[in-house]
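One structure is given below, encoded as structure tokens.
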There are 2 protein chains.
Amino acid sequence: MRKDTSTNALNEKFINDTCGMGRALNIVGGRWKPAILYKLYRTTMRYGELKKSIDGISERMLVAQLRELEEDKVIERIVYPEVPPRVEYRLTDLGRTMGPMLEAMSNWGDLHREKTGDQTKGSSND
Amino acid sequence: MRKDTSTNALNEKFINDTCGMGRALNIVGGRWKPAILYKLYRTTMRYGELKKSIDGISERMLVAQLRELEEDKVIERIVYPEVPPRVEYRLTDLGRTMGPMLEAMSNWGDLHREKTGDQTKGSSND
DNA sequence: CTCATTTCTTACCTTTTTGTTAGTACTAAC
DNA sequence: GTTAGTACTAACAAAAAGGTAAGAAATGAG
């Protein structure tokens with residue numbers, strides 16, 4: 001749980017309020033958000049589809065990060081009143097505006113790997 | 001300290017190896033790295049200058065993040081053999097290639113603030 | 001010999017993030 | 001009444017990140 005008076009939390013908030021980069025990082029950062037956004041960038045997906053397609057993610061993490069992305073208004077959650085339940089996730093219009101940024105990040109990450117010759121070459125986690 | 005057999009660490013590594021976005025995030029993310037990069041993007045700076053110019057950062061954090069950026073080859077550390085010591089930090093060529101990505105992040109962060117009408121409008125932490 | 005200056009280092013603690021496991025709610029089909 | 005399928009929640013534990021405070025090395029100035 002958040003303790004929003006800790007120095008830690010205050011620092012974060014300050015950076016968020018004054019620096020676009022910090023804000024972007026807060027929204028897009030975190031272990032699984034890149035993967036989620038990558039999937040949803042191509043198409044709407046159900047909860048279960050996301051879970052299956054993202055290797056290694058736990059339900060707790062998937063739900064948590066979906067909720068955060070939703071709060072940040074970059075994705076939306078559509079519930080169909082059926083049984084068993086069906087819930088779809090998709091990018092919002094605001095979410096779609098991330099495109100150029102996400103691409104820039106992806107490209108630079110690949111460039112960095114190339115230049116530093118690190119690790120296995122990426123066959124993107126698709 | 002890193003425990004590189006934890007599930008957590010393995011997940012991170014996997015994402016790093018397969019996803020450019022994840023890799024970029026790891027290099028540029030963290031509480032203070034955006035601020036450091038922002039400063040160094042304009043000019044070479046001494047340790048003490050960085051410390052003074054980045055509001056709220058502790059020495060431990062400053063050193064730690066500088067070290068990480070150095071390891072990732074985006075900044076370099078130049079030591080002048082003087083007393084008292086003088087150490088300068090500056091972007092490497094690889095570091096300079098981050099330009100478009102950092103701008104994209106900054107721009108999107110600002111756009112997001114605009115669209116969601118959140119918080120104080122940013123007078124960038126300069 | 002003491003002090004000031006600069007760039008860190010170390011030890012310890014708090015906060016935040018991530019992972020593990022088990023369980024819930026709903027209803028239709030058997 | 002039990003089971004199956006889907007999308008979660010809750011409680012707890014481990015790991016990582018961040019914060020605080022004190023100290024260390026090196027040396028020229030006084």
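So you know, we letter chains A, B, ... as the sequences are listed, proteins then strands, and number each from 1. The structure displayed is predicted, hence computed values, not measured ones.
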| Mapping A/V83 and A/E68 onto DNA chain C by nearest heavy atom, which one lands closer to the 5' end? | A/E68
| said: Pick the closest DNA chain C nucleotide for A/N8 and for A/M61 by heavy atoms, then say which residue is nearer the 5' end. | reply: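 First, find each residue's nearest nucleotide; the 5'-ward one identifies A/N8.
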What distance do [X] atom [atom1] and [Y] atom [atom2] have between them, rounded to the nearest 0.5 Å?
{"X": "A/I78", "Y": "A/T44", "atom1": "CD1", "atom2": "OG1", "result": "6.0 Å"}
{"X": "A/D72", "Y": "B/T116", "atom1": "CG", "atom2": "OG1", "result": "8.0 Å"}
{"X": "B/L69", "Y": "B/K33", "atom1": "CG", "atom2": "NZ", "result": "5.0 Å"}
{"X": "A/I75", "Y": "A/Q65", "atom1": "CD1", "atom2": "CD", "result": "10.0 Å"}

Euclidean distance, atom [atom1] of residue [X] to atom [atom2] of [N] [Å, nearest integer]:
{"X": "B/M45", "N": "C/dT7", "atom1": "CE", "atom2": "C1'", "result": "15 Å"}
{"X": "B/R31", "N": "C/dT14", "atom1": "CZ", "atom2": "P", "result": "18 Å"}
{"X": "A/E12", "N": "D/dA16", "atom1": "CD", "atom2": "C1'", "result": "15 Å"}
{"X": "A/I57", "N": "C/dT18", "atom1": "CD1", "atom2": "P", "result": "10 Å"}
{"X": "B/L62", "N": "C/dC8", "atom1": "CG", "atom2": "C1'", "result": "10 Å"}
{"X": "B/I78", "N": "C/dT6", "atom1": "CD1", "atom2": "P", "result": "19 Å"}

Is [X] close enough to [N] that one of its side-chain N or O atoms is under 4.0 Å from OP1 or OP2 there?
{"X": "B/S6", "N": "D/dA16", "value": "yes"}
{"X": "B/Q65", "N": "D/dG18", "value": "yes"}
{"X": "A/N11", "N": "D/dG19", "value": "yes"}

| said: I'd like to know whether CD of B/E49 has more than 12 heavy-atom contacts from other residues, nucleotides or ligands below 6.0 angstrom. | reply: yes
| task | Answer with base, sugar-phosphate or nothing: what part of the nucleic acid does A/T7 contact at a heavy-atom distance below 4.0 Å? | result | sugar-phosphate
| request: Have a look at the helix from C/dC1-D/dG30 to C/dC30-D/dG1 and give the angle its two end axes make, five pairs each, rounded to 10 degrees. | output: 30°
| So, A/H112 side chain and B/V74 main chain: donor-acceptor pair closer than 3.5 Å or not? | no
| Under 3.5 Å, is there a donor-acceptor pair between the side chain of B/R77 and the main chain of B/L66? |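 Absent.
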| message | Taking the minimum atom-to-atom distance to the side chain of A/R60, which one of C/dG19, D/dG5, D/dT20 wins? | response | C/dG19
| query | For the hydrophobic clusters of this structure (ILVMFWY residues joined by side-chain heavy atoms under 4.5 Å, transitively), does one cluster hold both A/V79 and A/L62? | reply |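 As far as the 4.5 Å side-chain criterion goes, A/L62 and A/V79 are connected within one cluster.
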| Honestly, is A/R96 close enough over A/Y41, meaning NZ or CZ under 6.0 Å from the six-membered ring centre and within 45° of the axis? | yes
All N/O pairs under 3.5 Å across the protein-nucleotides 6-8 of chain D interface:
| from | atom 1 | to | atom 2 | distance (Å) |
| --- | --- | --- | --- | --- |
| D/dT6 | O3' | A/R46 | NH2 | 2.9 |
| D/dT6 | O3' | A/P85 | O | 2.9 |
| D/dA7 | OP1 | A/R46 | NE | 2.9 |
| D/dA7 | OP1 | A/R46 | NH2 | 2.8 |
| D/dA7 | OP2 | A/G48 | N | 3.1 |
| D/dC8 | OP1 | A/R77 | NE | 3.3 |
| D/dC8 | OP1 | A/R77 | NH2 | 2.4 |
| D/dC8 | OP2 | A/Y89 | OH | 2.8 |
| D/dC8 | N4 | A/E59 | OE1 | 2.3 |

